[in-house]
Amino acid sequence: MIRKLLPVLLALLGLGTGLGAGLVLRPEADHTAEPAPEQDAKPETAPDYVKLNNQFVVPILEGGRVTAMVVLSLSLEVQAGQTEAVYNREPKIRDTFLQVLFDHANSGGFRGSFTDGSNLVLLRQALTEKAAGILGPTVTDVLITEIARQDS
């Protein structure tokens, strides 16, 4: 009878020993690892979009004469709760944006296929840099919400 139970007892002893060794030799939890993104992430607040009050009108000159007019509407993407800061600085923003738009027009940016994606990306980047110079990191992007060109 013991001969029949001996293999079962040895198997149980081996199983218990293996389980105990596994628990003792288990690696410790790595407390220096970065937490999972969903555990550490803070919920992002949606940005505010501030539409500048008036359109921008940019003359296109050729040979000293106005040959076309470009009309744009712009909005600023800003951190939540910063709408009032934009409106408080709007005259300065408009002045700076007009200079960027005039420079863009004088370099030929509004000639030909002026709505080409890469052309507008350059304009948006220049406007965003100038806006950040006035508002700091409050502004995250400048959006061209309307654009039209009227040839004379």
Side-chain angles (χ1 to χ4, degrees), residues 11 14-152:
L15 181 64
T17 304
L19 183 63
L23 289 173
V24 170
L25 298 175
R26 176 178 59 188
E28 289 186 35
D30 186 7
H31 297 291
T32 61
E34 293 181 19
E38 60 272 9
Q39 294 172 348
D40 192 40
K42 296 177 184 172
E44 279 192 33
T45 56
D48 288 342
Y49 295 94
V50 183
K51 181 175 174 38
L52 297 179
N53 285 317
N54 297 311
Q55 295 177 322
F56 291 84
V57 179
V58 182
I60 308 301
L61 302 173
E62 288 182 20
R65 297 187 58 226
V66 176
T67 60
M69 299 291 273
V70 175
V71 180
L72 300 101
S73 294
L74 302 175
S75 294
L76 299 178
E77 180 182 86
V78 297
Q79 294 171 352
Q82 296 299 314
T83 301
E84 194 62 34
V86 173
Y87 287 131
N88 288 339
R89 304 285 300 188
E90 187 173 6
K92 180 69 173 171
I93 294 167
R94 290 188 65 80
D95 177 66
T96 303
F97 280 8
L98 276 172
Q99 188 59 58
V100 170
L101 293 167
F102 292 156
D103 290 346
H104 188 73
N106 291 333
S107 68
F110 291 122
R111 290 193 191 111
S113 57
F114 67 98
T115 57
D116 180 64
S118 60
N119 196 15
L120 291 179
V121 166
L122 294 173
L123 180 57
R124 274 192 209 96
Q125 286 175 342
L127 291 168
T128 302
E129 286 174 14
K130 293 297 185 176
I134 297 168
L135 296 169
T138 297
V139 65
T140 55
D141 201 5
V142 174
L143 300 108
I144 301 171
T145 55
E146 294 177 41
I147 186 168
R149 177 182 162 147
Q150 177 65 48
D151 293 325
S152 298

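- Identified under the ring pair (Phe, Tyr, Trp, His ring centres under 6.0 Å) test for residues 109-149, with sequence neighbours left out: H104-F110.
- Taking the side chain to side chain contact (heavy atoms under 4.5 Å, CB included) definition, one finds that I144 meets it with L72, L74, L120, L123, R124, I147, sequence neighbours left out.
- Minimum heavy-atom separation, A80 to A46: CB-O, 3.4 Å.
- Among residues at least two apart or in separate chains, there is no ring pair (Phe, Tyr, Trp, His ring centres under 6.0 Å) pair with a member in residues 120-143.
- The side chain to side chain contact (heavy atoms under 4.5 Å, CB included) test applied to R89 returns K92, I93, I134, L135, not counting sequence neighbours.
- Nearest approach of P47 to E77, heavy atoms of both residues: CB-CG, 3.8 Å.
- Take D116 and apply the side chain to side chain donor-acceptor pair (under 3.5 Å) test, not counting sequence neighbours, and it matches S118.
- In terms of heavy atoms, A131 sits closest to V142 at CB-CG2, 4.3 Å.
- Pairs passing the ring pair (Phe, Tyr, Trp, His ring centres under 6.0 Å) check and including a residue from residues 62-81, sequence neighbours excluded, do not occur.
- Taking the side chain as every heavy atom from C-beta outward, F56 and V100 never approach each other to under 4.5 Å.
- Of all the heavy atoms in A68 and D151, the pair that sits closest is CB-OD1, 3.2 Å.
- Applying the side chain to side chain contact (heavy atoms under 4.5 Å, CB included) test to T83 and every residue at least two apart in sequence or in another chain returns D48, V50, Y87.
- Scanning for side chain to side chain donor-acceptor pair (under 3.5 Å) contacts around E129 gives an empty result, with sequence neighbours left out.
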Show your reasoning for whether side-chain contact (heavy atoms from CB on, under 4.5 Å) applies to V86 and L52.
CA-CA 9 Å; V86 173; L52 297 179; 4.2 Å; yes
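- Residues satisfying the side chain to side chain contact (heavy atoms under 4.5 Å, CB included) test with Q55, not counting sequence neighbours, are V71, S73, E146.
- Here the closest heavy-atom approach between residue S113 and residue N119 is recorded as O-ND2, 4.2 Å.
- For the residue pair Q99 and D95, no side-chain donor N or O sits within less than 3.5 Å of a side-chain acceptor on the partner.
- Residues that satisfy the side chain to side chain donor-acceptor pair (under 3.5 Å) test with E90, not counting sequence neighbours, are N53.
- In this structure, the separation between CG on L127 and CG on L101 is 5.5 Å, given to the nearest 0.5 Å.
- Listed by chain and residue number, nothing satisfies the side chain to side chain donor-acceptor pair (under 3.5 Å) test with R94 (two or more places apart in sequence, or in another chain).
- The distance from the CG atom of L98 to the NZ atom of K130 is 13.0 Å, given to the nearest 0.5 Å.
- Distance CG/L61 to CG/N106: 6.5 Å, rounded to 0.5 Å.
- In plain terms, the two heavy atoms of V58 and A105 that are nearest each other are CG1-CB, 3.7 Å.
- Checked against salt bridge (Lys or Arg N to Asp or Glu O under 4.0 Å), E62 has the following partners two or more places apart in sequence or in another chain: R111.
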